[in-house]
Amino acid sequence: MERTRRKVAIKRFRETVSKDKNMSKQVSREIYMLKKLRHSQYVVGIYEVYQRKGRIYVVMEYIDTTLLQLIEEAGRALLSSMIISLFRS
C-alpha cells in the first residue's frame, strides 16, 4: 500500500449495516453516488471503500471545518449557491 501522507477522514459503519441487506444496499448506493458526484467545493472526495470484519469503512478527504461553520461564515446565500451549483454539475 502506498503512503501519501495526506490527512483523511474514515467513516466506520456499524456491523449491523453490513449484515442488514437493505441497509447494505442503501449504503452502497449512497457511496456509489458520492463517488460519481465530483464537486470540489461542496462534496468531500472518497478515496477508498472497503469491508473488514463485518464493518464497512469509507476513507475520504479530510476537511478541517464543519457545515455549521461554513454557514455561519458565508451566511444563508451559501446554501442557495451550493444547491444550485450541485445540480448544475
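Partners of R6 under the side chain to side chain donor-acceptor pair (under 3.5 Å) rule, at least two apart in sequence or in another chain, are T4. Legend: residues meeting side chain to side chain donor-acceptor pair (under 3.5 Å) with Q51, ordered by chain and number and at least two apart, are absent. Scored by the ring-ring contact (aromatic ring centres under 6.0 Å, His included) test, Y62 finds no partners at all (sequence neighbours excluded). Shown here are the salt bridge (Lys or Arg N to Asp or Glu O under 4.0 Å) partners of E48, two or more places apart in sequence or in another chain: there are none.
Listed by first and then second residue, the side-chain hydrogen bond (donor to acceptor under 3.5 Å, both in side chains) pairs involving residues 23-33 are Q26-E30 (not counting sequence neighbours).
Across M60 and K11, no two heavy atoms sit closer than the pair CE-CB, 3.6 Å. Taking both residues in full, the closest heavy atoms of D20 and N22 are given as OD1-N, 2.9 Å, listed atom of the first, atom of the second, then distance. Heavy atoms only, all atoms of each residue included: I63 and V44 are closest at CG1-CG2, 3.8 Å. Taking both residues in full, the closest heavy atoms of E61 and A9 are given as O-CB, 4.1 Å, listed atom of the first, atom of the second, then distance.
Atoms CD1 and CE, from I56 and M23 in turn, are 9.0 Å apart once rounded to the nearest 0.5 Å.
Listed by chain and number, the hydrophobic cluster partners of V8 are I10, Y47, Y50, Y57, V59, where partners are ILVMFWY side chains within reach of under 4.5 Å, directly or through others.
Atom CZ of R55 has more than 12 neighbouring heavy atoms from other residues, nucleotides or ligands inside a 6.0 Å radius.
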